[in-house]
Amino acid sequence: MKSELPIGVFDSGIGGLTVAREIIELMPNEKVIYFGDTLHLPYGEKSKEKVINYCSKICEFLLKQECKAIVIACNTASSLAIKNIEKEVGNKCLVFNVIDPVIEFVQNLKSKKIGIIGTNATIESNVYEKKMVGPNSISSIFSLATPLLAPMIESSFHDESIKKKIIATYLKNDNLQNIDTLILGCTHYPLIQDKINEFYNGKVNIISALDSIGLYIQNELKKKNFLNKKNYIKKHEFFISDFTNSFQKSAKSFFNKEINLKEIHIFNET
Ligand code: DGL
């Protein structure tokens, strides 16, 4: 029975759609329920208490939808709220974050100098440095907060030259010189991965949650016998806390088809 239940995926905005699409493509039998907390983004500029509070309400909503698993498709929420989420959700469903699969993936690479970019909150939490322990070849890790990137992506900002300039200004930072691997520590960033790759002329290995999260979740579901074996057409559902045309447009261009977005009020605020 549990195997037929949906997988809940959430983020502050469109970034988590990159993770949702990965799950949908890799596991076509699964139904995804997506929640984008557009009312409160960017999470990277919020206090830990606020992010914990938003996540708590979102998980409550996803549990009401009877999700068999919740995927925290947001690095900021994964850094600040994971302990609370795991505690609150308990054994009601599985919980996945976007950081652990990346750590596992990177530790199996031959990287020596790693750069990490993410929101202010993620970088300040030092979550990647703390988790990247144990014997491996990595000699150094440098991290840099790149707070303008998520809002730039979220607003589907189209001026290519300004976009390029913002990205280059961040990546030219002294902390990120001579790296061989760059971790995109924010689920919004795969949406500009081509531009980042262009900046490095393809000479830096760019890693994001998308390199590993799908298989990671699939393996865990398989181990628990939670993979849906029934092959019937399911409609994925997409909820956001504040409807915006730019989200609607981005979702459509991201999935290459019309997405039925529903605004839903799960927070006690207007
Ligand atoms: N996509 C989110 C992350 O991975 C957060 C962007 C934001 O809301 O600041 O951190």
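Position 1 is the first residue of the sequence, and the numbers go up from there. Both counts, for ligands and for their atoms, begin at 1 and track the order of listing.
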For N225, does the CG atom sit with more than 12 other heavy atoms under 6.0 Å from it, leaving out its own atoms?
no
Nearest protein heavy-atom contact for atom 3 (C) of ligand 1: which residue, which atom, what distance?
N75 N, 3.3 Å
Just heavy atoms, cut-off under 4.0 Å: does C74 contact ligand 1 by side chain, backbone, both, or neither?
both
List the steps and the verdict of salt bridge (charged side-chain N to carboxylate O under 4.0 Å, His left out) for K163 and E160.
CA-CA 5 Å; K163 243 187 198 171; E160 293 303 310; 3.6 Å; yes
If you measure from the Lys or Arg side-chain nitrogens to the Asp or Glu carboxylate oxygens, is any gap between K31 and E4 under 4.0 Å?
no
Can you see whether S241 engages Y54 through a side-chain donor-acceptor pair at a distance of less than 3.5 angstrom?
no
Please check: side-chain N/O of T187 versus main-chain N/O of A73, any donor-acceptor pairing under 3.5 Å?
yes
Just which atoms of ligand 1 are under 4.0 Å from any heavy atom in A150?
6 (C)
For atom 7 (C) of ligand 1, find the nearest protein heavy atom and state the residue, atom name and distance (0.1 Å precision).
Y43 N, 3.3 Å
Among all the protein's non-hydrogen atoms, which is closest to atom 9 (O) of ligand 1, and how far away is it?
G44 N, 2.9 Å
Which of the ligand 1 atoms, numbered from 1, are nearer than 4.0 Å to a heavy atom of D11
1 (N), 2 (C)
For E45 and ligand 1, does the shortest N/O to N/O distance drop below 3.5 Å?
no
Going by ring pair (Phe, Tyr, Trp, His ring centres under 6.0 Å), F238 matches just one of F254, F35, F255, F247. Which one?
F255
Considering only heavy atoms of T119, which atoms of ligand 1 have at least one such atom less than 4.0 Å away?
6 (C), 9 (O), 10 (O)
Top protein contact for atom 1 (N) of ligand 1, by heavy-atom distance:
H188 ND1, 2.7 Å
Using distance alone, with no hydrogens and no angle criterion, decide if S143 and E129 have a side-chain donor and acceptor under 3.5 Å apart.
yes
Touching ligand 1 at all, G13? Heavy atoms, strictly under 4.0 Å?
no
Atom 10 (O) of ligand 1: closest protein heavy atom, distance to 0.1 Å, is T76 OG1, 2.6 Å
Is the closest heavy atom of G15 to ligand 1 under 4.0 Å?
no
Determine whether L41 and I123 fall in the same hydrophobic cluster, where Ile, Leu, Val, Met, Phe, Trp and Tyr are linked whenever their side-chain heavy atoms lie under 4.5 Å apart.
no
Near S12, which atoms of ligand 1 are under 4.0 Å from a heavy atom of that residue?
5 (C), 6 (C), 7 (C), 8 (O)
Element-labelled atoms of ligand 1 that are located less than 4.0 Å from some non-hydrogen atom of P42:
7 (C), 8 (O), 9 (O)
E198/K195 under salt bridge (charged side-chain N to carboxylate O under 4.0 Å, His left out): CA gap, chis, key distance, verdict
CA-CA 5 Å; E198 224 171 79; K195 303 244 162 354; 5.5 Å; no
